[in-house]
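These notes are about the structure you will find just below.
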Amino acid sequence: MKYYPLFLDLKAKKAVVIGGGRVAERKAAALIKAGAAIELVSPSLTPRLQKFKAAGKIKHKARNYAKGDLKSAFVVAACTSSGKTNIMIANDAKELFCPLINVADNPSEGNFIVPASLTRGPLTIAISTEGASPAIAKMIRKEIQEVYDADFAKYLKLLGPLRRKALTKITDDKKRIYIFKKFSSPKIISTLRKKGFEAASKEMKALLK
């Protein structure tokens, strides 16, 4: 295993994205979802990045990269169209001890990559081929999308409150453990997939009556 898989809490962490094209757009979009404080450096922006800027989701420096841009950055994403510039950015980030460095066109110059991912409510699945084939990672993601659909996300959201209710309402440990196992049993997952969320929800709620 070349990379260690983990999920990071980036809320309010400073993330500097250098570049204003499609790759930078994808990096910024993912960082916005994670709640990072994004500064983007580029003379130009894609229409979607312009919308992010107009909505106050990113701070934009409309110029070329300068080393000072990386000061206090927790995450650095080098996404310019110049491989030479991206390597320079990565080296600057290392000098400044920036914890997380991603180089879009040359992953070995950084220390993390961004996997293909699927989010369904509370469920997030990340897929990586360690850079061997991003296209296959995307293909696997599409396959998983068909298995874990919108009903699965709704079911996961339901389980949080049901679990809390079980913890407060059921004092018998054995009964509580029995119900928790029911929440994730092959039978209920089969019901969810064959009959849908409403049927699975009704069955699980009945356990707590």
Hydrophobic cluster identity match, [X] and [Y], side-chain contacts under 4.5 Å:
X    : Y    : result
V76  : L31  : no
I140 : L118 : yes
L8   : Y3   : no
L159 : L167 : yes
L6   : M1   : yes

Nearest heavy atoms of [X] and [Y], plus distance in Å:
X    : Y    : value
C98  : L70  : SG-O, 3.7 Å
D69  : N64  : OD2-O, 4.4 Å
A15  : A36  : CB-CB, 4.1 Å
I113 : P115 : O-CD, 3.6 Å
G19  : A24  : O-CB, 3.2 Å
P161 : K157 : CD-O, 3.0 Å

Tabulate below the donor-acceptor pairs under 3.5 Å that side-chain atoms of residues 41-49 make, not counting sequence neighbours, or state none.
from: S42; atom 1: OG; to: G20; atom 2: N; distance (Å): 3.3
from: S42; atom 1: OG; to: S44; atom 2: N; distance (Å): 3.2
from: S42; atom 1: OG; to: S44; atom 2: O; distance (Å): 2.6
from: T46; atom 1: OG1; to: E25; atom 2: OE1; distance (Å): 2.7
from: T46; atom 1: OG1; to: L49; atom 2: N; distance (Å): 3.2

With a 3.5 Å distance limit and no angle check, can you tell me whether [X] reaches the backbone of [Y] through a side-chain donor-acceptor pair?
X    : Y    : value
K94  : E109 : yes
K14  : V75  : no
N111 : I101 : yes
N106 : V103 : no
T191 : K187 : yes
Y65  : M88  : no

About how many Å separate [atom2] of [Y] and [atom1] of [X], when rounded to the nearest 0.5 Å?
X    : Y    : atom1 : atom2 : value
K165 : K205 : NZ    : NZ    : 8.5 Å
L162 : I179 : CG    : CD1   : 10.0 Å
I125 : S117 : CD1   : OG    : 10.0 Å
C79  : R22  : SG    : CZ    : 14.0 Å
K202 : L207 : NZ    : CG    : 13.0 Å
M204 : L192 : CE    : CG    : 10.0 Å

Could you list the residues that satisfy salt bridge (charged side-chain N to carboxylate O under 4.0 Å, His left out) with R164, not counting sequence neighbours? none
Output all residues satisfying salt bridge (charged side-chain N to carboxylate O under 4.0 Å, His left out) with E198, sequence neighbours left out; order by chain, then residue number. none
For residues E39 and I58, determine if any side-chain heavy atom of one lies less than 4.5 Å from a side-chain heavy atom of the other. no
Any side-chain heavy-atom pair of R193 and V147 under 4.5 Å: yes
Is [X] close enough and on-axis enough to [Y], meaning under 6.0 Å and within 45°, for cation-pi?
X    : Y    : value
R163 : F183 : no
R120 : Y155 : no
K57  : F52  : no

Is it the case that over 12 heavy atoms from other parts of the model lie below 6.0 angstrom from the NZ atom of K61?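 Counting neighbours around NZ of K61, more than 12 heavy atoms of other residues, nucleotides or ligands fall under 6.0 Å, so yes.
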For atom CD1 of I136, is the number of surrounding heavy atoms from other residues, nucleotides or ligands below 6.0 Å larger than 12? no
Working for side-chain contact (heavy atoms from CB on, under 4.5 Å), residues E95 and K67: CA-CA 10 Å; E95 278 186 25; K67 188 174 181 178; 2.6 Å; yes
Does the pair D149 and K154 meet the rule for a salt bridge (Lys or Arg N to Asp or Glu O under 4.0 Å), with working shown? CA-CA 9 Å; D149 58 13; K154 288 162 70 177; over 6 Å; no
Are E203 and K182 ion-paired here, with the side-chain N under 4.0 Å from a carboxylate O?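 No, E203 and K182 are not salt-bridged.
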Tell me whether the rings of Y148 and F152 are parallel (<30°), tilted (30 to 60°) or perpendicular (>60°). perpendicular
Any donor-acceptor pair under 3.5 Å linking the side-chain atoms of N86 with those of D105? yes
As a quick check of understanding, evaluate side-chain contact (heavy atoms from CB on, under 4.5 Å) for I18 and T85, giving each step before the final call. CA-CA 10 Å; I18 300 104; T85 301; 5.6 Å; no
